[in-house]
Amino acid sequence: MQTRKCMNQVSDANSKGAKPNAKKGEATKMSDSKACNLKTASILQLQCKDKRSSYDSSERIASPDFSCAQNASCPQGRLSDEQGGSVSSGLNTFNDRKQSKLRRCSISDTKISSTSQMAKREDVVISSTSTVAPKIIDAPVFYPTTQEFQDPISYIESIRERVQPYGICKVVPPKTWRPECKLNDDMRFTTDIQYVHRFFNRWGPNVSKLACIRKHLQSQEIFLESSPLVGGCELDLAQFSTVMAQFGGLQQVIDKNKWSKVADTLRIPKAAQDRMAKLQDAYCKYLLSYDMLPKEEKERLQQEVTNECEDMRQRWVKLHTDNTDSALEDSSVDEDDEDDMDFYNECMLRGKSMSLSAFYRIARNVSNTCFRKEPTTQEVEHEYWKLVDERLIHTAVHTSIVDTKTLGSGFPIHRQDSFAKHGWNLTTVPSNHHNILRYLGSMSGVTAPWLLVGMLFTTSCWSCDSHKLPSIEYLHTGADKIWYSIPQSEHVKFRKAMHSLVPDLCSEGLCWLEKDAAMVPPSALLAEGVSLCRVEQKSGQFLVTFSGSYVANICCGYSVAEAVYFATLQWLPVGQVAMQTLRQQCKETLFSIEKLLVLLGMSEVDRGNAKILSWVLPEITQVRDTELELRSRLRHVGLTAAGRYGWSEEGHSRRQGKKVPTDTLERQCEKCDYPCYLSMVVEEQENDVYCLQHALEYIRDKKSCQGLKFMYRYDEEQIQDLVNRIELVVTCTQDDQHTKNKVASKTSVANAASQP
């Protein structure tokens with residue numbers, strides 16, 4: 001019935017002279033010059049291997065080797081032996097279009113088995129003042145021995161100074177390490193939908209045509225909220241329209257029974273249930289009336305959506321880059337416009353709930369849509385950057401971040417399993433004695449690992465952890481992941497390049513790049529003079545991301561990984577600055593740095609641990625000074641109503657007769673979203689909470705303290721007492737050490753004088 005109705009519509013349209021525009025596909029051929037470059041690269045590859053023979057064979061880490069950088073005719077260079085030889089030409093898609101010549105060199109694939117061997121050689125790290133051409137460098141790869149592979153944080157700290165300039169490194173466990181992935185196929189989670197073709201530039205040929213179709217449907221009271229699904233994959237309506245025109249339109253497809261060929265052209269898997277019937281329904285519902293429009297009407301639609309796109313873009317940029325109240329008021333979005341703004345400016349939307357087995361089936365269909373056989377890592381990389389750069393094909397993939405506290409970890413946790421208590425089992429990292437985050441207790445997304453479920457082309461866009469926390473990720477099962485990072489020496493260039501390439505997605509301040517906002521091709525960064533690191537992570541391997549690193553990764557197929565944060569004492573000053581930055585820019589934080597410092601100080605001051613407290617002292621002193629000053633200013637403006645929270649007088653307390661702190665969730669400031677751990681001001685009528693800084697601003701604007709109440713967890717005497725006790729432990733230890741050194745010096749002088 002639906003097909004007959006469509007045929008009648010086509011007949012009516014043909015009688016009026018409306019003809020769909022047919023467009024022939026164009027085949028792309030490799031130019032002779034590019035083939036010559038590939039041949040030259042292979043010759044240079046052999047030359048580089050000869051140079052490598054002079055290195056010590058016992059070393060097993062890749063460090064920068066810029067000898068190849070002088071070879072201007074080496075556009076592709078080489079990868080390490082483990083990564084499978086030549087680099088995918090997909091990295092050069094951006095530059096091929098510009099016809100620009102860039103050189104790409106990789107570092108030696110020599111390896112290090114221990115940190116002592118690594119110390120034998122001085123690595124050459126990229127200099128920000130270097131005139132060497134930008135390149136892609138292989139990130140370091142480590143192969144720890146069974147003895148070294150015990151405590152992850154100790155091992156990472158032993159290599160940190162040498163490896164941190166690269167941003168990331170890969171750790172390949174000993175062959176004896178292979179824990180079984182313990183996930184339940186029936187576990188359910190909510191996914192996010194990523195639109196790969198919109199990562200680099202939100203507006204492109206495919207999105208433009210889809211916007212025209214969407215606007216035309218709205219005029220007919222048909223609202224296209226999301227593309228129809230076939231086999232769990234979103235149907236590319238823009239390409240579908242083009243393919244139907246190539247086959248002569250709906251009448252020709254029906255008369256010659258071409259639906260199967262149309263489905264094959266769209267690369268819809270044969271295993272997809274009712275694929276031809278769903279294609280017919282989708283075409284008749286969403287595309288038929290648009291395809292029958294005259295050329296002039298389509299051009300008018302195109303102009304309208306272009307103007308709308310620019311308007312939505314400007315409003316979206318103002319909302320996401322200007323946090324002032326006036327900007328938010330001026331750029332307020334009506335509910336009717338919210339969907340349009342998401343369509344024009346977002347590359348990731350909330351998906352639906354599904355089981356792990358259903359996710360796997362969709363992942364398989366996505367892979368079959370893009371590749372006819374199992375692709376290599378290089379093929380995936382080439383196709384991915386082609387999709388991102390050209391923006392011709394609608395590509396929607398699913399991803400999900402799953403809380404292991406709710407659905408369980410992929411690592412074994414039962415005592416009878418030999419890997420349950422192993423240090424590199426990421427469920428044990430939160431309780432590692434080197435990890436200062438353990439003082440926070442169990443917190444989802446902070447001290448509890450999370451699962452990362454992905455499929456082909458699932459992406460973690462260029463970003464830097466806003467808290468500057470390092471992390472460890474383990475790939476449980478599935479296809480490889482391709483990782484990129486920006487070396488520390490290139491951070492300034494990288495920021496400048498991103499502001500140049502994707503200015504609408506960047507803002508000012510330290511937190512200038514939003515997470516999951518942009519995926520700029522390596523070739524585009526190279527063209528801007530930015531070097532970067534690259535490494536492939538395989539199943540059963542660890543990937544370490546260091547504090548302050550800008551990283552990105554791409555999934556080469558269905559995969560399940562698990563990751564966790566950690567922090568050492570060296571992170572404290574960095575974390576303090578990061579937290580204050582987030583607070584100033586009104587960005588949400590995962591936890592309160594004041595809570596971490598207070599709990600860390602309270603725990604270690606009783607133990608007299610001067611080594612830890614010497615790191616805590618300067619940070620907690622700054623917290624005390626700021627807190628007491630703000631409390632004084634609140635009293636000065638007239639806020640006298642006060643109360644205490646987060647304490648208990650129960651008889652089971654360890655200190656009888658004294659109040660003890662209880663573990664309560666911190667409420668967040670209405671203005672900056674910062675967790676109010678030490679104190680807060682409550683507006684009692686609306687039950688709104690403000691941190692002390694924003695409470696002062698609130699009082700200044702309202703010119704009154706009426707209805708406000710100051711709430712505190714620790715009084716000023718307790719805060720001062722804690723800092724004094726920490727100072728005492730640190731000072732006494734330093735005095736003892738000074739006395740020991742003085743005695744040792746006198747003893748050595750006396751011994752020297754007694755010798756004839």
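Numbers for residues simply follow the sequence, beginning at 1.
Atom CG of L505 is separated from atom CE of M498 by 7.5 Å, given to the nearest 0.5 angstrom. In this structure, CG in L596 is found 10.0 Å from CD in Q576, a value given to the nearest 0.5 Å. Summarising the geometry, atom CD belonging to E180 is positioned 8.0 Å from atom CG belonging to D417; distances are rounded to the nearest 0.5 Å. One finds the NE2 atom of H422 at 10.0 Å from the CG atom of D151 (value rounded to the nearest 0.5 Å). Atom-to-atom distance recorded for E148:CD and Q150:CD is 10.0 Å, nearest 0.5 angstrom. For the atom pair OG of S463 and CG of D465, the computed distance is 8.0 Å after rounding to the nearest 0.5 Å.
In this structure, the side chain of H491 engages the main chain of I486 through a donor-acceptor pair within 3.5 Å. Remark: the backbone N or O of G441 is paired with a side-chain donor or acceptor of T447 at under 3.5 angstrom. With hydrogens and angles ignored, the 3.5 Å screen pairs no side-chain donor or acceptor of R160 with any backbone N or O of S158. Counting only distance, with no hydrogens or angles, the side chain of H197 and the backbone of T395 share a donor-acceptor pair below 3.5 Å. Between the side chain of N425 and the main chain of P412, a donor-acceptor pair closer than 3.5 Å is present. In terms of modelled atom types and a separation under 3.5 Å, the side chain of R438 and the main chain of H433 share a donor-acceptor contact. Side chain of E588 to backbone of D673: no donor-acceptor contact under 3.5 angstrom is found. The closest donor-acceptor contact from the side chain of S485 to the backbone of A139 lies at 3.5 Å or more, if one exists at all. At distances below 3.5 Å, at least one donor-acceptor pair connects side-chain atoms of K135 with backbone N or O atoms of A133. The backbone N or O of T428 lies less than 3.5 Å from a partner atom in the side chain of S431, making a donor-acceptor pair.
Taking the six-membered ring for Trp, W424 and F566 have ring centres at least 6.0 Å apart. Ring centroids of Y484 and Y550 are separated by 6.0 Å or more, keeping the two rings apart.
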Would you please test D192 and T399 for side chain to side chain donor-acceptor pair (under 3.5 Å) and show each step? CA-CA 5 Å; D192 290 317; T399 184; over 6 Å; no
As a quick check of understanding, evaluate salt bridge (Lys or Arg N to Asp or Glu O under 4.0 Å) for K481 and E473, giving each step before the final call. CA-CA 11 Å; K481 278 190 173 185; E473 179 172 321; 2.6 Å; yes
Run the side chain to side chain donor-acceptor pair (under 3.5 Å) check on T568 and Q570 step by step: do they pass? CA-CA 5 Å; T568 60; Q570 288 79 4; 3.0 Å; yes
Please walk me through it: do M455 and F359 pass side chain to side chain contact (heavy atoms under 4.5 Å, CB included)? CA-CA 8 Å; M455 60 179 62; F359 186 96; 3.7 Å; yes
Assess the residue pair Y565 and W571 against the criterion (ring-ring contact (aromatic ring centres under 6.0 Å, His included)); give the C-alpha distance rounded to whole Å, side-chain angles, the decisive distance to 0.1 Å, and a yes or no. CA-CA 12 Å; Y565 285 126; W571 172 82; 9.6 Å; no
Using the side chain to side chain donor-acceptor pair (under 3.5 Å) rule, take S442 and K405 through it: C-alpha gap first, then chi angles, then the decisive distance, then the call. CA-CA 9 Å; S442 180; K405 288 183 65 177; 3.1 Å; yes
Pair T458-H398, side chain to side chain donor-acceptor pair (under 3.5 Å): steps then yes or no: CA-CA 7 Å; T458 288; H398 293 264; over 6 Å; no
Determine whether V429 and L426 satisfy the following criterion, side chain to side chain contact (heavy atoms under 4.5 Å, CB included), listing intermediate values before the conclusion. CA-CA 5 Å; V429 171; L426 297 190; 4.0 Å; yes
Please determine whether ring-ring contact (aromatic ring centres under 6.0 Å, His included) holds for the pair H382 and Y384, giving the CA-CA distance in whole Å, both sets of side-chain angles, and the decisive distance to 0.1 Å. CA-CA 6 Å; H382 175 273; Y384 177 88; over 10 Å; no
Begin from the C-alpha positions of I168 and V544 and carry the test side chain to side chain contact (heavy atoms under 4.5 Å, CB included) through to its verdict. CA-CA 6 Å; I168 58 175; V544 180; over 6 Å; no
Show your reasoning for whether side chain to side chain contact (heavy atoms under 4.5 Å, CB included) applies to C347 and Q194. CA-CA 6 Å; C347 61; Q194 295 182 327; over 6 Å; no
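In this structure, a donor-acceptor pair under 3.5 Å is absent between the side chains of T589 and H467. With no hydrogens or angles considered, no side-chain donor-acceptor pair links S500 and R495 at under 3.5 Å.
Minimum heavy-atom separation, S539 to T477: OG-CA, 3.6 Å. In terms of heavy-atom proximity, L437 sits nearest to A567 at CG-CB, 3.9 Å. Closest approach of Q541 and P173 over heavy atoms only: CA-CD, 4.1 Å. Across D403 and S444, no two heavy atoms sit closer than the pair OD2-OG, 2.9 Å. Taking all atoms of both residues into account, the shortest heavy-atom contact from S547 to P470 is N-CB, 4.0 Å. The two atoms that bring S400 and T190 nearest to each other are OG-O, 2.9 Å, heavy atoms only.
Aromatic ring pairs are classed by plane angle as parallel below 30°, tilted from 30° to 60° and perpendicular above 60°; the pair F419 and W177 is perpendicular.
In this structure the side chain of I436 reaches within 4.5 angstrom of the side chain of L569, judged on heavy atoms. The shortest side-chain heavy-atom distance between L456 and Y558 does not fall under the 4.5 Å cut-off. Using a 4.5 Å heavy-atom cutoff, the side chains of L543 and V535 are in contact. Annotation: side chain of V172 is not in contact with side chain of F542 (no heavy-atom distance under 4.5 Å). At least one side-chain heavy atom of S559 sits under 4.5 Å from a side-chain heavy atom of L475. Proximity of W483 to S460: side-chain heavy atoms (C-beta onward) are nowhere separated by under 4.5 Å. Contact check for Y166 versus S549: no side-chain heavy atoms found under the 4.5 Å cut-off. P165 places none of its side-chain heavy atoms less than 4.5 Å from the side chain of P487.
Using a 4.0 Å cut-off between charged nitrogen and carboxylate oxygen, E536 and K170 do not count as a salt-bridge pair. Between E381 and R534 there is a salt bridge, with a side-chain nitrogen of the basic residue lying less than 4.0 Å from a carboxylate oxygen of the acidic one.
Partner of W462 under the ring pair (Phe, Tyr, Trp, His ring centres under 6.0 Å) criterion, chosen from F494, W512, F199: F494.
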